[in-house]
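What you see below is based on every heavy atom in this structure, not just the backbone, and it leaves out hydrogens, waters and symmetry mates. Please read all numbers here as calculations on a predicted model, not as lab measurements.
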Amino acid sequence: MPDHPHPLTATSLLGLPGIAHGFFTREGGVSEGIYAGLNVGLGSDDDRAAVLENRARVAASLGQPGAPLNTLYQVHSATALTIDRPLTSPPPKADALVAATPGLIIGALAADCTPVLFADPETRVVAAAHAGWRGAVDGILAATVEAMVQAGADRARIRAAIGPTIHQPNYEVGPEFKDRFLAEAPAFARFFTTPEPPARPHFDLPGFVHHQLSAAGVNHIEQIPACTYADESRFFSYRRATHRKEADYGRQISAIVVT
């Protein structure tokens with residue numbers, strides 16, 4: 001693997017004055033074994049020194065050497081927090097961070113769930129959200145947008161970029177999962193396909209996230225077309241690790257900062 005990170009970037013966020021971002025892959029880290037590469041999950045059972053080195057490499061890649069990565073204890077909630085200083089340990093339980101303070105890196109960890117990075121190019125209010133299916137249906141994306149507006153962003157200017165996540169061909173779910181969504185809105189049936197009877201449904205998580213962003217009033221939405229489950233060389237995947245009966249899994253980060 002490369003000896004330094006090679007994050008993916010969103011065209012809509014790239015080059016914004018005073019804002020740096022990256023959807024980091026597993027490439028460019030020092031972890032080994034099932035965590036091989038850039039595992040930044042402090043909640044994993046990886047060697048802590050390796051995780052801290054990986055996190056330091058992310059900060060340096062964003063032009064902020066020595067700065068901490070502010071990440072949450074993610075719990076699949078609809079809670080978005082606005083911060084103006086580094087988080088203390090242990091981190092709070094929530095699933096999105098909003099900031100406008102220069103040098104304050106905020107990020108979302110994921111290993112199949114959908115990371116979303118946000119920015120208002122004029123006010124430089126930025127956000128990072130972790131959207132698993134539960135958080136997405138419960139309102140984490142609308143909560144993030146609302147927190148950005150409260151921090152000074154203009155809803156009409158907000159740009160959102162959907163990062164690498166598990167895609168529909170690899171996201172098999174049970175009928176009770178589908179029923180949960182249809183109970184919210186029958187129209188949500190369009191986010192499910194059944195390859196061939198009697199196969200189980202497959203869920204379009206990034207498509208649903210895109211829908212929820214639109215419903216929250218975000219007009220500028222981009223999606224990076226990368227599947228975490230399918231691309232083992234670049235991404236950690238909780239579902240892939242589970243299918244292999246591995247003891248644990250690494251986490252990649254999607255991060256953004258006002259420079």
To which residues is [X] joined in a hydrophobic cluster, defined by side-chain heavy-atom contacts under 4.5 Å among Ile, Leu, Val, Met, Phe, Trp and Tyr, whether direct or through other members?
| X | result |
| --- | --- |
| Leu52 | Leu42, Val51 |
| Leu72 | Leu8, Leu13, Leu16, Ile19, Phe23, Leu81, Ile83, Leu87, Leu97, Leu104, Ile106, Leu117, Val126, Ile224, Phe235, Ile256, Val258 |
| Tyr35 | Ile34 |
| Tyr238 | Tyr249 |

Item to check | Residue pairs fulfilling side chain to side chain donor-acceptor pair (under 3.5 Å) with at least one residue in residues 208-219, sequence neighbours excluded | outcome: Arg190-His211
Checklist entry - Does anything in residues 93-103 pair up under side chain to side chain donor-acceptor pair (under 3.5 Å), and if so which pairs, sequence neighbours excluded? => result Ser77-Asp95, Asp95-His130
Would you please say whether a donor-acceptor pair under 3.5 Å links the side chains of [X] and [Y]?
| X | Y | value |
| --- | --- | --- |
| Asp231 | Ser233 | yes |
| Asn54 | Asn39 | no |
| Arg55 | Thr71 | yes |

Could I get the full list of side chain to side chain contact (heavy atoms under 4.5 Å, CB included) partners for [X], not counting sequence neighbours?
| X | answer |
| --- | --- |
| Ala199 | Thr194, Pro195 |
| Glu222 | Ala10, Thr11, Ser12 |
| Gln64 | Ala67, Ile105, Val257, Thr259 |
| His243 | Tyr229, Arg239 |

Checklist entry - Roughly how far apart are His220 NE2 and Leu213 CG, rounded to 0.5 Å? => result 12.5 Å
Checklist entry - Are Glu53 and Arg48 close enough for a salt bridge, meaning some N to O gap below 4.0 Å? => result no
Checklist entry - Is the shortest distance from a Lys or Arg side-chain nitrogen in Arg251 or Asp248 to a carboxylate oxygen in the other one below 4.0 Å? => result yes
Next on the checklist: Is it true that, when you exclude Glu246 itself, more than 12 heavy atoms of the residues, nucleotides or ligands shown sit nearer than 6.0 Å to its CD?
Outcome noted: yes
Next on the checklist: A quick test of your reading: do over 12 heavy atoms of other residues, nucleotides or ligands sit less than 6.0 Å from OH of Tyr73?
Outcome noted: no
Item to check | Phe177, Phe203, Phe192 screened by ring-ring contact (aromatic ring centres under 6.0 Å, His included) with Trp133, the one that passes | outcome: Phe177
Checklist entry - Excluding sequence neighbours, so at least two apart, what forms side-chain hydrogen bond (donor to acceptor under 3.5 Å, both in side chains) with Arg180? => result Asp138, Glu184
Checklist outcome for this item: What one should report as the nearest heavy-atom pair of Gln252 and Arg234 is OE1-O, 4.5 Å
Checklist outcome for this item: Here the pair of heavy atoms bringing Gly250 nearest to Ala111 is O-CB, 3.5 Å
Checklist entry - Is it true that a side-chain atom of His167 and a backbone atom of Ala226 form a donor plus acceptor pair closer than 3.5 Å? => result yes
Item to check | 4.5 Å side-chain heavy-atom contact, Asn170 and Cys227 | outcome: yes
Checklist entry - Does Val116 reach the side chain of Thr114, with side-chain heavy atoms less than 4.5 Å apart? => result yes
Checklist entry - So which pairs with a foot in residues 37-56 pass ring-ring contact (aromatic ring centres under 6.0 Å, His included), sequence neighbours left out? => result none
